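Numbers restart at 1 for each chain; the letters A, B, ... are given by sequence-line order, proteins then strands. The figures here come from the full heavy-atom set of this structure, side chains too, leaving out hydrogens, waters and symmetry mates. Just so it is clear, the model here is predicted, and its values are computed rather than measured.
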2 protein chains.
Amino acid sequence: MRPGINATQTERIIQALERAGYQATPNRRLVAELVASADGHFTAAHLLDRGRRERVTIGRATVFRALDLLTTLRVVERLDLPSGSHAYVLCDPDEHHHHLICSSCGRSEDVADGELPALIERIGRRSGYRIEAHRLELFGTCPRCAGAEADR
Amino acid sequence: MRPGINATQTERIIQALERAGYQATPNRRLVAELVASADGHFTAAHLLDRGRRERVTIGRATVFRALDLLTTLRVVERLDLPSGSHAYVLCDPDEHHHHLICSSCGRSEDVADGELPALIERIGRRSGYRIEAHRLELFGTCPRCAGAEADR
DNA sequence: GGCCGAATGATACCAGGTCTCATTCGGTGC
DNA sequence: GCACCGAATGAGACCTGGTATCATTCGGCC
């Protein structure tokens, strides 16, 4: 097994695939491993690169298709970084949450805040809109990076 | 003057440019007019299209450059639609706010909620992150579109 | 072992956006 | 009014992220 692979996470992803009735093909396993071992957010290009460095060949389209699949299974979510580019993060499919992203190292954390729904409901009432979806993204510096910064 | 142009908005945009020390060239004026008369959010391609239909020639790069400029002046903001594509909206540069976007007609409204900062501060404290930026986007159906739907 | 639909890879393609570079424009000093 | 210089422009090449097409291959099931 490759170094840095988180076997439990990989299994979790594979199981999500199988539970939804998709084949756990070698390619999808590979993508699952790459995703599970990514530290923080990543892009499709990033996965392809890592794959290539480990001498595994996998088509670009296949990676995109796998990410798509994982996105619809909510195992992975697509982020819009402030730069305007897209990235993906591994996350918990079971509860609604938002992402807190470290702008320095890219690590991401799921945050659930119980009060956001109330706030959104209030905005809906005030504006007359029927609010159907929302997205909250938080960007900052994680404790580890903040510590490293302070050390210098 | 073109039909549907909101002269006051156009002037507001031009003034923001001049205040920041940029030339209010005919091209930038044109972009300002197109932006001011857009109903809801729009893309660069959309502006180019409208320009072309009105037989005005303006380079693609110029439109992107103008939008960039307006974005840094905060007269316009870039949105990330749920589809993953980008759009721009005209908005108020003077106060921090978020966008409420009608998924049916694309109209967008600025919303300011006084309680969000407190919520974010709480998340920061709980997670240990130093939160530096955030983005909240709300998607739904505006009263007008909801009404039209109900009529059918 | 054979069948069939799902998965794959190569490749072409598309959209949104950026870069480059030669040209033109506009404001300023004279 | 004119010359000058930096800012703005347009054309087009280019890049990146992502999608569509299509022939081939794979995997699970009978």
Side-chain angles (χ1 to χ4, degrees), chain A residues 13-14 16-35 38 41-52 54-73 76-89 106, chain B residues 13-14 16-35 38 41-52 54-73 76-89 106:
Chain A
I13 299 174
I14 301 285
L17 275 172
E18 290 180 332
R19 226 178 311 129
Y22 294 99
Q23 294 176 30
T25 64
N27 270 336
R28 307 229 247 236
R29 263 173 198 288
L30 173 60
V31 172
E33 285 184 7
L34 289 173
V35 166
H41 57 67
F42 53 88
T43 62
H46 185 157
L47 296 189
L48 276 164
D49 248 31
R50 280 193 30 233
R52 216 167 306 127
E54 301 178 17
R55 286 139 229 258
V56 197
T57 51
I58 182 167
R60 215 161 85 88
T62 306
V63 170
F64 277 106
R65 280 188 285 240
L67 284 177
D68 235 45
L69 211 50
L70 296 181
T71 304
T72 64
L73 297 178
V76 142
E77 256 174 53
R78 193 142 92 164
L79 296 181
D80 296 293
L81 303 182
S83 67
S85 60
H86 290 156
Y88 300 83
V89 263
Chain B
I13 299 173
I14 302 286
L17 275 172
E18 291 181 333
R19 229 179 308 130
Y22 294 100
Q23 295 176 30
T25 64
N27 269 334
R28 308 230 246 238
R29 263 171 199 287
L30 173 62
V31 172
E33 284 184 8
L34 290 171
V35 166
H41 57 67
F42 54 87
T43 62
H46 185 157
L47 296 190
L48 275 164
D49 249 31
R50 280 189 34 231
R52 216 168 306 126
E54 300 179 16
R55 284 141 231 255
V56 196
T57 51
I58 183 168
R60 219 162 82 88
T62 305
V63 170
F64 277 106
R65 282 189 282 239
L67 284 176
D68 236 45
L69 210 50
L70 296 181
T71 305
T72 65
L73 297 179
V76 143
E77 257 174 53
R78 195 142 91 164
L79 295 181
D80 296 293
L81 303 181
S83 67
S85 59
H86 291 155
Y88 301 82
V89 263

Report yes if a side-chain nitrogen or oxygen of B:Arg28 is closer than 4.0 Å to either non-bridging phosphate oxygen (OP1 or OP2) of D:dT9; otherwise report no. yes
Are any of B:Asn27's side-chain N or O atoms less than 4.0 Å away from OP1 or OP2 of D:dG10? yes
For residues 56-73 of chain A, please give each side-chain donor-acceptor pair under 3.5 Å, one per line with the distance, not counting sequence neighbours.
from, atom 1, to, atom 2, distance (Å)
A:Thr71, OG1, A:Leu67, O, 2.6
A:Thr72, OG1, A:Leu69, O, 2.8

B:Thr43 vs A:Thr62, nearer the 5' end of DNA chain C by closest nucleotide: A:Thr62
Nearest nucleotide by nearest heavy atom, which residue falls closer to the 5' end of DNA chain C, A:Gln23 or B:Gln23? A:Gln23
Check each residue of residues 76-88 of chain A for a non-hydrogen atom within less than 4.0 Å of any atom in DNA chain C, then write out the ones that pass by number, or none. none
Applying ring pair (Phe, Tyr, Trp, His ring centres under 6.0 Å), can you list everything that pairs with B:His86, at least two apart in sequence or on another chain? A:His86
Chain B reaches DNA chain C, atoms under 4.0 Å from its heavy atoms, from C:dG16 to C:dG26
Does any pair with a residue in residues 77-88 of chain B pass salt bridge (charged side-chain N to carboxylate O under 4.0 Å, His left out), and if so which ones, sequence neighbours excluded? B:Asp80-B:Arg135
Can you name the residues that form a salt bridge (Lys or Arg N to Asp or Glu O under 4.0 Å) with B:Arg52, not counting sequence neighbours? B:Asp49
Looking at D:dT21, D:dT19, D:dA11, which one has an atom nearest to any side-chain atom of A:Phe64? D:dT19
Suppose we call a contact any N or O donor and acceptor under 3.5 Å apart; does that hold for the side chain of A:Arg60 and the base of D:dG18? yes
Could you state the atom-to-atom distance from CG of A:Leu69 to C1' of D:dT19 in whole Å? 16 Å
Return yes if some donor-acceptor pair links the side-chain N/O of B:Arg28 with the main-chain N/O of B:Gln23 below 3.5 Å, else return no. yes
